[in-house]
Colleague: 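Could you have a look at this structure, given as structure tokens, before my questions?
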Amino acid sequence: MESEAPHLLEAREKQERRSGLPDLPNATKGNVVLRFAPNPNGPLSVGHARGLVINSTYRDMYEGELILRFDDTDTSIKPPLLEAYAQIEQETHWLTGKAPERVILASDRMEVYYEYAEQLLHEGFGYVCSCSAETFKEYRIEKQSCPCRSRLPDENLDYWHKMLNGGFQPGDVVVRVKTDMALKNPALRDWPALRIQDTEAHPHPRPEIGSKYKVWPLLDFQSAIEDHLQGVTHIIRGKDLMDSTRKQTILYEHFGWTYPETLYWGRVKIHEWGGFSTSAIRASIEEGRYSSWDDVRLPTISGIKNRGITAEALRLFWLELGITQKDISVPLATLFSHNTKSVDFSAPRLTFVRSPIQFSFSEDIGTLEFPRHPNNKQLGTRSWPMDKKCIYIEKEDAEKNSKMRLKECADIEISNTTIHFLESRHGDEKLPIIHWLPEDVSQNCTLQYSKDDEIHTIDGMVERHNFSAGTIVQLERIGYAKVVDESTLFLSYED
RNA sequence: GCUCGUGUGGUGUAGCCAGGUCCAUCAUUGCGGGUUUUCAUCCCGUCGACCCGGGUUCGAAUCCCGGCACGAGCACCA
């Protein structure tokens, strides 16, 4: 018994509660190759960030490699955007902390795909089909072979060459992988591998490609070939691509290759945004609804970055959701809570007074010196001279109270436009604490924030500073914000 | 319609494969409190869940059967 069923003799130890990502099946350190393959029809969305975060984390866990592959093989429906290539590379670096080990452009690899397509036809495992999409659909539903299926390899090769030489228009013909028309899953029956695109009317945006090719591979074919050629060991993709895996596995079996281990995740929506369709975002920008891809209202990586969200927050966010196949909908508040943790300790405190009202001190108090951050002494101190004896406080505070405590200063009482110091000057009484600003260190500033898909602004006075654009600060009693320029701040989110 | 997949608190998530240690983990949100000269951070407390119905078993969130619900694919998009 000991040799035949040792597990019966030993009480198996209960699995520890897991934290972080689960192990990758069949993976060993140093032998893992992953890929992230977006269509560059626009810069990356927050949804793409999931692919990047999960794949790059596994890359790091297994000391493997991450390939960034541009699947830019559609020039008419979701055509690539030339600027997106470089931007996606930058965003990848920003989010994952380093450059991908390899970068591949599918549009550079056309000859390779052709080679395998030709082999497919030559070996009788594929055929050129001249049925219309609708006609073939009927055959597929009826589990019937279409007439083109019985073409001989030589005949197919003739068609193939005619395809390559521009002898067909889009829709005329398509190369199919010969599977089995009786397959249970209708999606797998003789699936299309390459088609014709009108690259005169819709040239590829890369000038070196342009109208050079008429025949283009479809995702299932291109991706299958490339994954094998690059030695990809693990694919992590959306579960909407499950049938894609099955189609590709049939192709792999024909070529005698081993299909990578594949994991899937479900659909994610963000309450405030819904999905992350790149095409929809692109359309809304082109319509002029948004200024550009990095508009703070957009669910793009550049938009969220622009808002003052850190790469770390985005990473923690996606890591926490993991790779379950459930379809989920998450509120933005979850991302923001990660951002607060990511940012708080290093965010210098800055005073911003909304709707400022001016008051004068009844007496001199000299220069005030106090820390830039209550817990992080490394951020140094700030010093407020008060030669003018004139300060700003928020309108709302002035209206709500007559006695209050000026933060880091003293207890006061206001009357008309004058501030008198109270006996309890050093804080014996419990008074509302408000933030305030001496005129000596003030300057006009606009605080922007996004709400309900609109950008709103609040005018006020900000403490004079020289933090560079992009610095994340905390506006005391208001929230975290990003410095846009000398006189503009952007509030990342409301608390 | 066919095919595939998923169902744990308000929202996510762990546990499920190898049934007990699970009156179910962690986070977030809400509520309450503490620290703090910020309505921030941090800390503490609290509310709150195994889709339904059978079955197997001494014992089921975990295994089996049957429902139901939701999602995706069936594109000459990726």
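Order of the sequence lines sets the chain letters (A, B, ...), proteins ahead of strands, with each chain counted from 1.
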Colleague: Applying ring-ring contact (aromatic ring centres under 6.0 Å, His included), name anything that partners Trp160(A), two or more places apart in sequence or on another chain.
Modeller: Tyr114(A)

Colleague: Looking at residues at least two apart in the chain, or sitting in another chain, which of them share a ring-ring contact (aromatic ring centres under 6.0 Å, His included) with Trp318(A)?
Modeller: none

Colleague: When you check the phosphate oxygens OP1 and OP2 of rG12(B), does a side-chain N or O of Thr324(A) lie under 4.0 Å from one of them?
Modeller: no

Colleague: NA contact type, Ser76(A), heavy-atom cut-off 4.0 Å: base, sugar-phosphate, or nothing?
Modeller: nothing

Colleague: Would you indicate which nucleotide in rU3(B), rG5(B), rU38(B) comes nearest to any side-chain atom of Asn185(A)?
Modeller: rU3(B)

Colleague: Any pair with a residue in residues 314-339 of chain A that passes salt bridge (Lys or Arg N to Asp or Glu O under 4.0 Å), sequence neighbours left out, goes on the list, sorted by first then second residue, please.
Modeller: Lys239(A)-Asp327(A)

Colleague: For rU13(B) and Lys326(A) - does any side-chain N or O of the residue sit under 4.0 Å from the phosphate oxygens OP1/OP2?
Modeller: yes

Colleague: Using the P atoms only, state how far rC23(B) lies from rC50(B), rounded to an integer number of Å.
Modeller: 14 Å

Colleague: Can you label the angle between the Tyr159(A) ring and the Phe168(A) ring as parallel, tilted or perpendicular, going by 30° and 60°?
Modeller: parallel

Colleague: Show every salt bridge (Lys or Arg N to Asp or Glu O under 4.0 Å) that has at least one partner inside residues 329-352 of chain A, sequence neighbours left out.
Modeller: Asp344(A)-Arg349(A)

Colleague: Identify, residue by residue, the members of residues 41-48 of chain A with a heavy atom below 4.0 Å from RNA chain B, and return them in order of residue number, or none.
Modeller: none

Colleague: Can you name the ring-ring contact (aromatic ring centres under 6.0 Å, His included) partners of Phe490(A), sequence neighbours left out?
Modeller: none

Colleague: Nearest to the side chain of Asp344(A), which nucleotide is it out of rC76(B), rA78(B), rA40(B)?
Modeller: rA40(B)

Colleague: Starting at the 5' end of RNA chain B and moving along, which residue's nearest nucleotide shows up first, Ser244(A) or Asp240(A)?
Modeller: Asp240(A)

Colleague: Hey, does the side chain of Ser279(A) come within less than 4.0 Å of rC77(B)'s phosphate (OP1/OP2), counting only N and O?
Modeller: no

Colleague: Could you pull out all residues at least two apart from Tyr116(A) that satisfy side-chain hydrogen bond (donor to acceptor under 3.5 Å, both in side chains)?
Modeller: none

Colleague: Given the structure, check if the side chain of Arg349(A) and the base of rA40(B) hold any donor-acceptor pair shorter than 3.5 Å.
Modeller: yes

Colleague: Please verify the inter-ring angle class for His338(A) with Phe317(A); under 30° counts as parallel, over 60° as perpendicular, anything in between as tilted.
Modeller: perpendicular

Colleague: Using heavy atoms to find the nearest nucleotide of RNA chain B for Leu241(A) and Ile328(A) separately, return the residue whose nucleotide is more 5′.
Modeller: Ile328(A)

Colleague: Output yes when at least one side-chain N/O atom of Lys430(A) is less than 4.0 Å from OP1 or OP2 of rU37(B), else no.
Modeller: no

Colleague: Look at the side-chain N and O atoms of Arg195(A) and state whether any lies under 4.0 Å from the OP1 or OP2 oxygen of rC77(B).
Modeller: yes

Colleague: What nucleotide among rC76(B), rA78(B), rA40(B) has an atom nearest to a side-chain atom of Pro374(A)?
Modeller: rA40(B)

Colleague: For Lys214(A), enumerate each residue passing the side-chain hydrogen bond (donor to acceptor under 3.5 Å, both in side chains) test, keeping only those at least two apart in sequence or located in another chain.
Modeller: Glu200(A)

Colleague: With the criterion being N/O to N/O and under 3.5 Å, what pairs connect the protein with nucleotides 26-29 of chain B, and how long is each?
Modeller:
{"from": "rA27(B)", "atom 1": "O2'", "to": "Glu320(A)", "atom 2": "OE2", "distance (Å)": "3.1"}
{"from": "rU28(B)", "atom 1": "OP1", "to": "Lys341(A)", "atom 2": "NZ", "distance (Å)": "2.6"}

Colleague: Of all the base pairs, Watson-Crick or G-U under 3.5 Å, which form stems of three or more consecutive pairs involving RNA chain B?
Modeller: B:1-7 with B:68-74, B:10-12 with B:26-28, B:30-34 with B:42-46, B:51-55 with B:63-67

Colleague: Could you tell me how far rG32(B) sits from rC16(B) if I compare only their P atoms? Round to whole Å.
Modeller: 38 Å

Colleague: Looking at every strand, decide which applies to Gly171(A) at a 4.0 Å heavy-atom threshold: base, sugar-phosphate, or nothing.
Modeller: base

Colleague: Could you give all pairs that pass the salt bridge (Lys or Arg N to Asp or Glu O under 4.0 Å) test and reach residues 36-46 of chain A, with sequence neighbours left out?
Modeller: none

Colleague: Taking rU25(B) as the reference, what is the distance to rG34(B) when you measure between their P atoms (whole Å, please)?
Modeller: 27 Å

Colleague: Taking only residues two or more places apart in sequence, or in another chain, which ones meet Phe276(A) in a ring-ring contact (aromatic ring centres under 6.0 Å, His included)?
Modeller: none

Colleague: Say you pick atom P in rA14(B) and the same atom in rG7(B); how far apart are they, in whole Å?
Modeller: 10 Å

Colleague: Is the shortest side-chain heavy-atom distance between Lys451(A) and Glu494(A) below 4.5 Å?
Modeller: yes

Colleague: When you compare rU3(B) with rU11(B), how far apart are their P atoms, in angstrom units rounded to a whole number?
Modeller: 32 Å

